[in-house]
Amino acid sequence: MFVKFDSHVHLDVRCEDDMKTMSLAGIRYVLTLAHDPMPFRTAEALLGHWEVVESITETAADYLIDAKVGLGVHPRAIPDEGLELALEHLESKLSDLDAVGEVGLEEATDEEVEVLRKQLDLAATEDVPVVVHTPRSRDPNVVSKIIEVARDSDLDPDLIVIDHLNEQYVDAVLAEGFNAGITVQPGKATVEEAVEIVTNRAEHADRILINSDASRAPSNVLAVAEVAFELEKRGFDATEAVVRDNALQLF
């Protein structure tokens, strides 16, 4: 059994038993990201959430998990007041972060688009990787807008992960030179679908990452391990790349 990297989790809303389970399955690296655990009325409330995300790394270490950290303003967590304060705080922390995220669009409102653009621009100043959320709705207009905004940013496409993808959009993302994040979670992709996406695109295996999005929503903390197992059974040559090495190189 080899070591694996779950490239999109929210450990702040998972229990310690989950961390132990992941570690026992060889998931020894994770990227834990800011998200939308509640509506944020003020920037101060959002910054408090970011502090929790950062602090969970100490608990993860107790279970032999190297938890890397990404902070950002999720499209469903834009504060009612003080957005600029939050962005200034994010800018001040860029050099200490492993990623900016998760950011993205939910409905592609003007506000969401502007917040995404600003965060991509901030990340570009320090060449920090960005993890971009796409909505469960699979709305083609929203996904197209995400690709457009990412394409127009100053950030190198190699540093952008467009996440929560399925068969419908992965080729469009890869064609732009971005990294494709495949989330194995109810309502997103199944283990079987993730395996098919990866094996059918072996030539792009260096730009595909597998994750669980383990969060307060129904999730499988062993998703990455299960995909790795199925890929190994098929004898897929780039298994370690998609379940570890690509994420290690990025984050």
Side-chain angles (χ1 to χ4, degrees), residues 8-16 18 30-60 67-126 128-139 141-143 145-146 149-150 153 155 161-164 181 183 185 187-188 211-219:
H8 188 137
V9 300
H10 303 292
L11 288 187
D12 60 298
V13 292
R14 303 302 301 195
C15 67
E16 292 186 35
D18 288 337
V30 302
L31 176 66
T32 191
L33 296 161
H35 56 120
D36 62 329
M38 65 189 77
F40 293 110
R41 191 178 70 79
T42 66
E44 288 79 8
L46 176 60
L47 299 185
H49 165 57
W50 288 359
E51 288 180 6
V52 173
V53 172
E54 291 183 284
S55 68
I56 202 67
T57 61
E58 296 178 9
T59 304
K68 301 178 185 299
V69 174
L71 301 180
V73 183
H74 189 288
R76 294 195 302 261
I78 299 172
D80 296 332
E81 302 172 7
L83 173 63
E84 290 305 319
L85 174 62
L87 294 177
E88 288 173 8
H89 187 74
L90 179 63
E91 183 176 17
S92 73
K93 295 183 70 65
L94 283 176
S95 61
D96 297 323
L97 294 177
D98 299 295
V100 169
E102 66 183 296
V103 302
L105 302 179
E106 186 67 26
E107 298 177 348
T109 65
D110 290 345
E111 180 183 41
E112 287 181 8
V113 170
E114 184 62 18
V115 172
L116 174 58
R117 282 188 172 132
K118 286 182 176 181
Q119 292 183 99
L120 287 167
D121 288 346
L122 284 177
T125 65
E126 296 278 352
V128 180
V130 175
V131 178
V132 183
H133 161 95
T134 58
R136 286 179 182 269
S137 67
R138 311 294 190 192
D139 186 329
N141 294 322
V142 176
V143 177
K145 190 65 176 179
I146 288 169
V149 173
S153 76
L155 189 61
V161 181
I162 309 293
D163 218 339
H164 310 326
T183 298
Q185 187 187 62
K188 293 178 182 173
N211 67 77
S212 68
D213 191 16
S215 61
R216 61 184 177 178
S219 308

Side chains of [X] and [Y]: does their closest heavy-atom pair fall under 4.5 Å?
X: Trp50; Y: Val69; value: no
X: Glu114; Y: Asp110; value: no
X: Leu105; Y: Lys145; value: yes
X: His164; Y: Glu102; value: yes
X: Val130; Y: Gln119; value: no
X: Arg138; Y: Lys188; value: yes
X: Pro37; Y: His10; value: no

Is a side-chain N or O of [X] found less than 3.5 angstrom from the main chain of [Y], in a donor-acceptor match?
X: Thr134; Y: Asp163; value: yes
X: Glu112; Y: Ala108; value: yes
X: Arg41; Y: Pro79; value: no
X: Ser215; Y: Asp213; value: yes

Can you see which heavy atom on [X] is nearest to which on [Y], and at what distance?
X: Asp12; Y: Leu33; value: OD1-O, 4.4 Å
X: His35; Y: His49; value: N-NE2, 3.1 Å
X: Arg76; Y: Asp36; value: NE-OD2, 2.6 Å
X: Pro75; Y: His133; value: CG-CD2, 3.9 Å
X: Leu90; Y: Val100; value: CD2-CG1, 4.3 Å

Interatomic spacing from [atom1] in [X] to [atom2] in [Y] - rounded to 0.5 Å:
X: Lys68; Y: Thr32; atom1: NZ; atom2: OG1; result: 12.5 Å
X: Leu97; Y: Glu126; atom1: CG; atom2: CD; result: 10.0 Å
X: Leu47; Y: Phe40; atom1: CG; atom2: CZ; result: 9.5 Å
X: Leu116; Y: His74; atom1: CG; atom2: NE2; result: 11.5 Å

Those residues that, when tested against Glu58, pass side chain to side chain contact (heavy atoms under 4.5 Å, CB included) (two or more places apart): none

State which residues pass salt bridge (charged side-chain N to carboxylate O under 4.0 Å, His left out) with Glu16; sequence neighbours excluded, sorted by chain then number.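 For Glu16, no residue satisfies salt bridge (charged side-chain N to carboxylate O under 4.0 Å, His left out) once neighbours in sequence are set aside.
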
Applying side-chain hydrogen bond (donor to acceptor under 3.5 Å, both in side chains) as the test, list every pair that has at least one member in residues 87-100; sequence neighbours left out.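 Non-adjacent pairs meeting side-chain hydrogen bond (donor to acceptor under 3.5 Å, both in side chains): Glu54-Lys93.
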
